[in-house]
Amino acid sequence: MLALLALVATASAQPAAKATPISALPDRAPPPAVEAAPVPAPPAAVAAIRPLLGARHTEDLPTRAALDTHGDAAAALRWIAAHGEALVEAERAAMLLAAYDDAETTEFCTGLLGGPAHAKIRAGAARCLSGRALVGSPALPALVQAVQAEDERLGLAATEVLLADPDGRAAVAALDLAALPAPVQARIGAALK
């Protein structure tokens, strides 16, 4: 107890350190402004479709027939996949685009797959490309690149799409399995036996 009192007495006897006034601090250049691309206005159907994406289970997500009752559902799903507020919402929107087999949706999903979006959203974009003709399409190299991604969720989603297509299956068979994440290796190995 005496040692503590001595320490307090010593600390209070020392002169207080002088603080440097803010006006004497060196000037710093402000950080460069980052300009975000403006988000386009959402299609009218977004307000009606967004709540449908909150289903508890993926098997409870709406069918194309249910989506199409809300106007241009494909445009709304593309908007949500690109600009959705929630990760699960954007992933599910991308995944549901598989029901729309048109050139615009294929191009959108291919771009989303190869873009900077979160791996879950990109996995939804890979699933969007299932059932489409991959031969001669930019989707094929994008899917092959996605198989090799570090994130196994993305790799597995792209693998499933490629294995379902004869040209995709050949592309997967040509990959170096040792360079892939273990779950992707196992899935490809089981499929190619």
Distance col, row L52:CG vs L67:CG, nearest 0.5 angstrom, shows 6.5 Å
Output, in order, the C-alpha distance, side-chain angles, deciding distance and verdict of side chain to side chain donor-acceptor pair (under 3.5 Å) for T159 and R187.
CA-CA 8 Å; T159 297; R187 177 63 186 108; over 6 Å; no
Using 0.5 Å steps for rounding, measure from the CD atom of E160 to the CD1 atom of I188.
9.5 Å
Donor-acceptor pair, W79 side chain versus A45 backbone, under 3.5 Å?
no
Nearest atoms (heavy-atom pairs only) where L163 meets R169:
O-NH1, 3.3 Å
Shortest non-hydrogen separation from D151 to R153 and the atoms involved:
OD2-NH2, 2.7 Å
Residue among E91, E152, E89 satisfying salt bridge (Lys or Arg N to Asp or Glu O under 4.0 Å) with K120
E91
Same apolar cluster: V135 and V144, side chain cutoff 4.5 Å
no
Between R50 and G84, which heavy-atom pair has the shortest distance, and what is it?
NH2-CA, 4.2 Å
What's the separation between atom CG in L87 and atom NE2 in H118, rounded to the nearest 0.5 Å?
5.0 Å
Return yes if some donor-acceptor pair links the side-chain N/O of R122 with the main-chain N/O of A146 below 3.5 Å, else return no.
no
Over all atoms of both residues, closest heavy-atom pair of A125 and L113
CB-N, 3.8 Å
Taking a hydrophobic cluster as the set of Ile, Leu, Val, Met, Phe, Trp and Tyr residues connected by side-chain heavy atoms closer than 4.5 Å, whether directly or through intermediates, do F108 and L134 fall within one such cluster?
no
How long is the span from the CG atom in L143 to the CG atom in L162, to the nearest 0.5 Å?
4.5 Å
Joint hydrophobic cluster, L112 plus L96, side-chain heavy atoms closer than 4.5 Å
yes
Tell me whether L61 is reachable from L129 by hopping between hydrophobic residues (I, L, V, M, F, W, Y) whose side-chain heavy atoms are closer than 4.5 Å.
no
Minimal non-hydrogen separation, P181 against A149, with atom names
CG-O, 3.6 Å
Take Y100 and D68, measure what side-chain contact (heavy atoms from CB on, under 4.5 Å) needs, and give me the verdict at the end.
CA-CA 10 Å; Y100 299 90; D68 286 342; 2.7 Å; yes
Rounded to the nearest 0.5 Å, how far apart are CD1 of I80 and CD1 of I121?
12.0 Å
Scan side-chain atoms only and decide if R92 and T58 contain a donor-acceptor pair under the 3.5 Å cut-off.
no
Determine yes or no for a side-chain-to-main-chain donor-acceptor pair under 3.5 angstrom, with H57 supplying the side chain and E59 the backbone.
no
Can you name the closest pair of heavy atoms from S130 and R127 and give their distance?
OG-O, 2.8 Å
Are the side chain of Q185 and the backbone of L177 linked by a donor-acceptor contact shorter than 3.5 Å?
yes
How about L53 and V88: do any of their side-chain heavy atoms sit closer than 4.5 Å?
no
Is any side-chain heavy atom of T105 less than 4.5 Å from a side-chain heavy atom of L77?
no
Got R78 and P43 here, is their nearest side-chain heavy-atom distance under 4.5 Å?
no
Is a donor on one side and an acceptor on the other found under 3.5 Å between the side chain of T110 and the backbone of T106?
yes
With a 4.5 Å limit on heavy-atom distance, are the side chains of L97 and C109 in contact?
yes
